[in-house]
Amino acid sequence: MRVRGNDYRVLRPPERYDPTLRVSVIVPAYGGQDKLDLVLAALARQTYSEALTEVIVVDNGSTPPLRLPGERPAGTRLIVCETPGRASARNAGLAAATGDVIHWLDSDVVLTPGAVEAHMRWHHTAPYLVVTGYIRFTEAPVPAELPDDLERAFEPAEPHAWIIDLVERTNGLTDNPQRPFSLHVGGATSVNARLVEAAGPMDDELILGQDTEMGYRLSQAGAVFVPEPAARAYHLGPTMRMRDKQPIDRVSHAFVADRIPSYRWLRSNPGRQWKVPYVTVVLDGTAGYETVRATVDALLAGTVPDISIVLVGPWDSAGRERRAPLTDPGLDLLLVHGHYQYEGRVRFASTGEADPAVPFVLRLPSGWVPGEDTLAKLLDLARDEGLGLVNVLLHESADGVRTARLERASAFARARIVLRPEECLDDAVDDVSGVSWVETESYPFTTEPPVVLGRRGALRARTEAQDEAARLAKEAAKEAERLRGQVARWRDEAAKWRKSAVELRREVGSLRRQLAAAKRAQQGLRVVLSTTVKRALGKGRR
């Protein structure tokens, strides 16, 4: 069963199974012998097979040195790492580990008895999972011995609030979350060893944020991240982040901004270059000087500055040996190399392999020039719809089809893990992430050389646009004022019309009353006249 995006719900880990995978639990420690004793005692009480479990405690230069207590798993070793830092200690433990699964565990985190088994149930289901347990933080006094009833001893306790929030607002990390790797925390997380091998060890140059940065690289290697409520644990005391979140974020963000391109809000400066760019564009550097330059210059001048460009070609032949400057058959290759040799965002390579830490790779035929905002629109499409591949139909003829391909590195890494024999890689990508085709009408590419304004030209254009916008706003304000005056005049005239109408109604009412009086008088005269005539006629008869 293939997982699409991070929707691990298609997997069905069995409640009961015959375990076959070995797990290496790595516990870096610096001091805190009393807490370490409880951690190892809790590991000795795990329900997962002890024969398939090894525990590696890494003493990171403690004074006095740490020791192994009597209650511990049989396969427990103590090694020493003199290089300070949690990342260095974990890497030392990783180098000594032999398990199929790596289980990170802090030296102050006490696992409940079924925690490791809950982790391993998932790892027996799929080989590309990162499973994180639910940690609760207790302020109960540290006991001398591990109690039988952990809940009674350590409750009340607080949950890992930000993990709970992340899981709840993403429907358990299944609703296409942009950063599921944030779930990778070192306190109680397990990872398939092959994923760790593909991603590489922890970055020991980081002061803080090593867990998240490694989680990002695991994601790039194709990982699916699973929160497991049954894998419960107690953290003995609050974490450093709970005590000092803001200063920790300040230090962490200063370093992870260079290494995690998905944290877009940390890369607000449009003129900076970063250790890991957001997108790498792979081009054929042998297509001719003008042809290559048209594409490269357009990319460098586009609205996505967080970019690197890989030019593929036999660059070893572009040396400085004596050659005819105008008739050398390799002149164009030399010109391309010389033109971009000192451009920090351009790299020369013999193959089209990109840094696996880069989230997106655009494979584009040289000579095709993207519009200024084309790459940004393609990246938005891939990110918003969670696509693993966006194909752009550049040209279609009897000779075939020319396309540009925007590849999501993590989707291709996952697809390679689940690829079936004889299966097309793009089909596997479609299964795990989705594939889409678009045309140049909506995402423009041309074969015309770009018109590059340059910084001053762009500044002048922006200034002119701002001036024009100010002028139009001023004219609009004047027009609005004129219209308001016109409306006021219309209101005055309407008021006069209403007043005249009232006066006319009054006059009409008066005339109606006069007419009614006249009609009554006329009727009275008619009665009097009729009576007089009748009387006169009566007298004449007599």
Side-chain angles (χ1 to χ4, degrees), residues 1-12 125-130 166 169-183 195 198-199 215-226 260-262 264 278-282 304 352 354-364 370 373-394 396 401-445:
M1 186 65 68
R2 293 179 174 180
V3 174
R4 188 176 182 87
N6 203 69
D7 193 355
Y8 53 84
R9 292 174 296 183
V10 297
L11 301 176
R12 295 289 184 268
T125 307
Y128 46 84
L129 302 182
V130 175
L166 173 66
R169 60 186 164 87
T170 57
N171 194 20
L173 291 184
T174 63
D175 288 346
N176 190 29
Q178 296 297 327
R179 295 178 296 275
F181 60 82
S182 299
L183 192 72
L195 277 178
Y216 168 74
R217 284 185 285 113
L218 289 168
S219 175
Q220 289 296 105
V224 170
F225 295 82
V226 180
I260 306 181
S262 301
R264 307 305 299 154
Y278 191 54
V279 58
T280 291
V281 183
V282 179
V304 181
D355 181 350
V358 177
F360 293 98
V361 178
L362 176 66
R363 301 188 185 278
L364 177 64
D373 201 43
T374 297
L375 180 55
K377 292 173 64 178
L378 287 172
L379 290 167
D380 288 343
L381 174 66
R383 183 182 63 246
D384 295 344
E385 297 190 12
L387 296 171
L389 171 62
V390 179
N391 291 294
V392 185
L393 180 59
L394 299 176
E396 187 173 10
V401 174
R402 301 212 77 183
T403 63
R405 293 165 55 93
L406 181 65
E407 303 172 355
R408 184 190 293 267
S410 59
F412 274 76
R414 174 96 56 80
R416 291 186 183 96
I417 294 173
V418 301
L419 190 66
R420 303 183 184 102
E422 308 301 325
E423 183 182 19
C424 174
L425 182 59
D426 286 5
D427 290 341
V429 171
D430 195 15
D431 277 352
V432 302
S433 195
V435 174
S436 180
W437 282 83
V438 298
E439 297 183 351
T440 56
E441 285 76 7
S442 301
Y443 300 87
F445 284 85

Hey, does the side chain of Arg414 reach the backbone of Val3 with a donor-acceptor pair shorter than 3.5 angstrom?
yes
Give the minimum heavy-atom separation between Leu425 and Leu419, together with the two atoms involved.
CA-CD1, 3.9 Å
How close do Val224 and Gly5 get, heavy atom to heavy atom, and via which atoms?
CG2-O, 4.2 Å
Taking the side chain from Arg4 and the backbone from Val432, do they hold a donor-acceptor pair closer than 3.5 Å?
no
Counting only N and O atoms by type, is there a donor-acceptor contact under 3.5 Å from the side chain of Glu423 to the main-chain atoms of Arg420?
yes
I'd like to know if Asp380 and Lys377 make a salt bridge, using a cut-off of under 4.0 Å between side-chain N and carboxylate O.
no
Check whether any side-chain N or O of Thr174 sits under 3.5 Å from a backbone N or O of Asn171 as a donor-acceptor pair, and report yes or no.
yes
How many angstroms lie between atom OG of Ser433 and atom CG of Leu389, to the nearest 0.5 angstrom?
9.5 Å
Close side-chain approach of Val279 and Val361, heavy atoms under 4.5 Å
no
Spacing of Arg217 atom CZ and Leu195 atom CG [to the nearest 0.5 Å]:
12.0 Å
Judged by atom type as modelled, is there a donor-acceptor pair below 3.5 Å linking the side chain of Thr170 to the main-chain atoms of Leu166?
yes
Indicate the atoms forming the closest heavy-atom contact of Leu364 with Pro370, along with that distance.
CD2-CD, 4.4 Å
Close side-chain approach of Val130 to Phe181, heavy-atom, < 4.5 Å:
no
Is any side-chain heavy atom of Thr440 closer than 4.5 Å to one of Val392?
yes
For Tyr278, check ring-ring contact (aromatic ring centres under 6.0 Å, His included) against everything at least two apart and list the hits.
Phe360
Is there a side-chain contact between Trp437 and Thr403, using heavy atoms and a 4.5 Å cut-off?
yes
Just wondering, do Arg408 and Leu379 contact through their side chains at under 4.5 Å, heavy atoms?
no
Minimum side-chain heavy-atom gap Val438-Leu378 below 4.5 Å:
yes
Under a 3.5 Å distance rule, please check whether Tyr8 uses its side chain to pair with a backbone N or O of Gly172 as donor and acceptor.
yes
Residues in side-chain hydrogen bond (donor to acceptor under 3.5 Å, both in side chains) contact with Glu407, at least two apart in sequence or another chain
Arg363, Arg405
Mark yes or no for whether Ser436, through its side chain, and Val390, through its backbone, hold a donor-acceptor pair below 3.5 Å.
no
Is Leu11 close to Leu129 at the side-chain level, that is, under 4.5 Å between some pair of heavy atoms?
yes
From CG (Asn391) to CG (Leu406), nearest 0.5 Å:
9.5 Å
Taking Gln220 for its side chain and Pro356 for its backbone only, find out whether a donor-acceptor pair lies under 3.5 Å.
yes
Between Asn6 and Leu173, is there a donor-acceptor pair closer than 3.5 Å when you use the side chain of the first and the backbone of the second?
yes
Look only at the side chain of Ser182 and the backbone of Arg179, and say whether a donor-acceptor pair between them is shorter than 3.5 Å.
yes
